[in-house]
Colleague: 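After the structure tokens below, expect a handful of questions from me.
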Amino acid sequence: MEKNNIVQNAEEKVKKYFEFVDEVKEYNQEKVLKAFYNNKIGLEHFASVSGYGHDDMGREALDNVFADIFRAEKAVVRNHFVSGTHTLACCLFGNLRYGEKLVSVAGAPYDTMEEVIGTRGDKRASLIGHGVLYDEVPLIDNMDVDFEGIRNKIDETVNMVLIQRSRGYSLRKSLNIETIKKIIEIVKEKNPKCICFVDNCYGEFVEKLEPLEVGADLIAGSLIKNPGGGIVEAGGYVAGKEEYVNQAAYRLTAPGIGSEGGAMLNQLRLIFQGIFMAPSIVSEAVKGAILASQVFEDMGFISTPKPHEIRTDLIQTIKFGAPEPLLEFCKTLQMYSPIESYLTPVPDGVPGYDDKLIMAGGSFIEGSTIELSADGPVRPPYAVYMQGGLNYAHVKIALKGIVEKLV
């Protein structure tokens, strides 16, 4: 196949899948719009207070909008969360105590969570270092959720299960809402008091339902991924049952303060606008991922998910089997980025990860992965994890450049 035609031919094959993506977008956009209407959002909610941040009506309204969107009793949305990992850590440390047990039910969590839990890194600073017990339910063939294994592992001694929706740096399947629902049903059948906590990063607005709507107790994610709409500068959110959200907020600030303090530093308008834009931006990224999947399948590489598969997150994985195409992919994607296109990414150590990573993505917001980016650990099977794209056209243009280099 002529290399100039690879992307165009792939696009013709996948256009039929875009109709469903648009259907999901419109459903979620209406849900977001209703949340703004129900909470009577006005210009007064963009004003910012200083100091302790007491009596911030905009911050309170923002929390209520997120709670409505995600069908939560309560939400806490803050620019004070420095990353998705920090947001998840607040949920875990806030809700688990000495002698209580956490079980990761979809295999090992992604790399940065290993240090939070304590299976790697500074044990004293971790959950395990604070006396929390930890166990995992391995995946079947490192790919599929082991429902029977979950049934056998969960009992009255388990206080929380961690359900990681997206795949992280692994080739296992991302968990769609139906799979999450089945996991939660099994857990609640074995122990109704067990907290079902979903790491929702990369999953928001990809499907019509969110994890809280199928029985989850607590979810968390980053604002420089899906719900930030590509314009939010920093932060994260926690949503779910009020008691669990409060405990996470106490960990973010302090007992007695919780969600009642914290100046938003003139970020409110951006966060309101970001969540409003999010369903449309997410749909653009999903379309780009579907196109990328078809392009690399046509080139003979193994890509997951497949083009026809219903998406539950933004991640597109391409397995190269050798380091050279992985490095070339990231270098070329950097060349087609709007910011710092003149730089050449090289593998290097990154805090929280054991292997060297190569990371590409000239984003307007540092580390934003709702913007087009790609990264991967330089280790077998030498897979790249591509995500994001503020508009489909940018993804398509970048894929043409990558194909030019790889062919």
Colleague: Check the angle between the aromatic planes of Phe301 and Phe296 and answer parallel, tilted or perpendicular using the 30° and 60° thresholds.
Modeller: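 Taking Phe296 first and then Phe301, their aromatic rings sit tilted (interplane angle of 30° to 60°).
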
Colleague: Look at atom NZ of Lys319 and say whether more than 12 heavy atoms of other residues, nucleotides or ligands are closer to it than 6.0 Å.
Modeller: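 Incorrect, the count does not exceed 12.
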
Colleague: Just wondering, are more than 12 heavy atoms of other shown residues or ligands nearer than 6.0 Å to CG in Asn142?
Modeller: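 At most 12 heavy atoms, drawn from other residues, nucleotides or ligands, come within 6.0 Å of this atom.
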
Colleague: Classify the ring geometry of Phe276 against Phe36: parallel below 30°, tilted from 30° to 60°, perpendicular beyond 60°.
Modeller: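 Phe276 vs Phe36 ring planes: perpendicular.
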
Colleague: Could you tell me whether Tyr385 and Tyr202 have their ring centroids closer than 6.0 angstrom?
Modeller: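 Ring centroids of Tyr385 and Tyr202 are no less than 6.0 Å from each other.
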
Colleague: If the threshold is 4.0 Å, N to carboxylate O, is there a salt bridge linking Arg120 and Glu115?
Modeller: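 Glu115 and Arg120: salt-bridged.
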
Colleague: Does Lys287 count as lying over the ring of Tyr392, i.e. NZ or CZ under 6.0 Å from the six-ring centre, within 45 degrees of the axis?
Modeller: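 No, Lys287 does not lie over the aromatic ring of Tyr392.
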
Colleague: Would you find more than 12 non-hydrogen atoms of other residues, nucleotides or ligands less than 6.0 Å from Lys181 atom NZ?
Modeller: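 At most 12 heavy atoms, drawn from other residues, nucleotides or ligands, come within 6.0 Å of this atom.
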
Colleague: When you look at CD of Glu366, are more than 12 heavy atoms from neighbouring residues, nucleotides or ligands closer to it than 6.0 Å?
Modeller: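 It does not: Glu366 CD has 12 such atoms or fewer within range.
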
Colleague: Inspect the surroundings of CD in Glu44 and state if more than 12 heavy atoms from other residues, nucleotides or ligands are less than 6.0 Å away.
Modeller: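 Buried by this count: over 12 neighbours within 6.0 Å.
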
Colleague: Any ion pair linking Asp298 and Lys13 (charged N to carboxylate O, less than 4.0 Å)?
Modeller: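 Judged by the 4.0 Å cut-off on N to carboxylate O distance, Lys13 and Asp298 do form a salt bridge.
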
Colleague: Working to the nearest 0.5 angstrom, can you tell me the gap between Thr179 OG1 and Phe147 CZ?
Modeller: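 That separation rounds to 5.0 Å.
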
Colleague: Measure from the side-chain N and O atoms of Asp141 to the backbone N and O of Met143, and report whether any donor-acceptor pair falls under 3.5 Å.
Modeller: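 No: the side chain of Asp141 does not pair with the backbone of Met143.
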
Colleague: Between atom NZ of Lys15 and atom CD of Glu11, what is the distance when rounded to the nearest 0.5 Å?
Modeller: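 Taking NZ in Lys15 and CD in Glu11, the distance rounds to 5.0 Å.
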
Colleague: Between Thr312 (side chain) and Leu175 (backbone), is there a donor-acceptor pair under 3.5 Å?
Modeller: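 Checked: pair present.
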
Colleague: To the nearest 0.5 Å, tell me how far Met335 CE sits from Ile402 CD1.
Modeller: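 Rounded to the nearest 0.5 Å, the CE-CD1 separation comes out at 10.0 Å.
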
Colleague: Among Arg165, Lys25, Arg311, whose salt bridge (Lys or Arg N to Asp or Glu O under 4.0 Å) with Glu207 holds?
Modeller: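 The salt bridge (Lys or Arg N to Asp or Glu O under 4.0 Å) with Glu207 is passed solely by Arg165 among Arg165, Lys25, Arg311.
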
Colleague: When rounded to the nearest 0.5 angstrom, what distance separates CD in Glu371 from CD1 in Ile281?
Modeller: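 Output value for this atom pair is 9.5 Å.
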
Colleague: Is the shortest side-chain N to carboxylate O distance from Lys16 to Glu19 below 4.0 Å?
Modeller: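 Answer for the salt bridge query: no.
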
Colleague: Any idea which heavy atoms bring Ser166 and Ile315 closest together, and the distance?
Modeller: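 That closest heavy-atom pairing would be OG-CG1, 3.2 Å.
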
Colleague: How about Lys182: does its NZ atom have over 12 heavy atoms from other parts shown lying under 6.0 Å from it?
Modeller: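 Atom NZ in Lys182 is not crowded, with 12 or fewer foreign heavy atoms closer than 6.0 Å.
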
Colleague: Taking the six-membered ring for Trp, are the ring centroids of Tyr244 and Phe197 within less than 6.0 Å of each other?
Modeller: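 Here the rings of Phe197 and Tyr244 have centres that are no less than 6.0 Å from each other.
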
Colleague: Please indicate whether Lys306 has more than 12 foreign heavy atoms, meaning atoms of other residues, nucleotides or ligands, lying under 6.0 Å from its NZ.
Modeller: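 Yes - once you tally the heavy atoms of other residues, nucleotides and ligands closer than 6.0 Å, there are more than 12.
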
Colleague: Tell me which one of Lys74, Glu73, Lys241 satisfies side-chain hydrogen bond (donor to acceptor under 3.5 Å, both in side chains) with Asn246.
Modeller: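 The option that passes is Lys74.
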
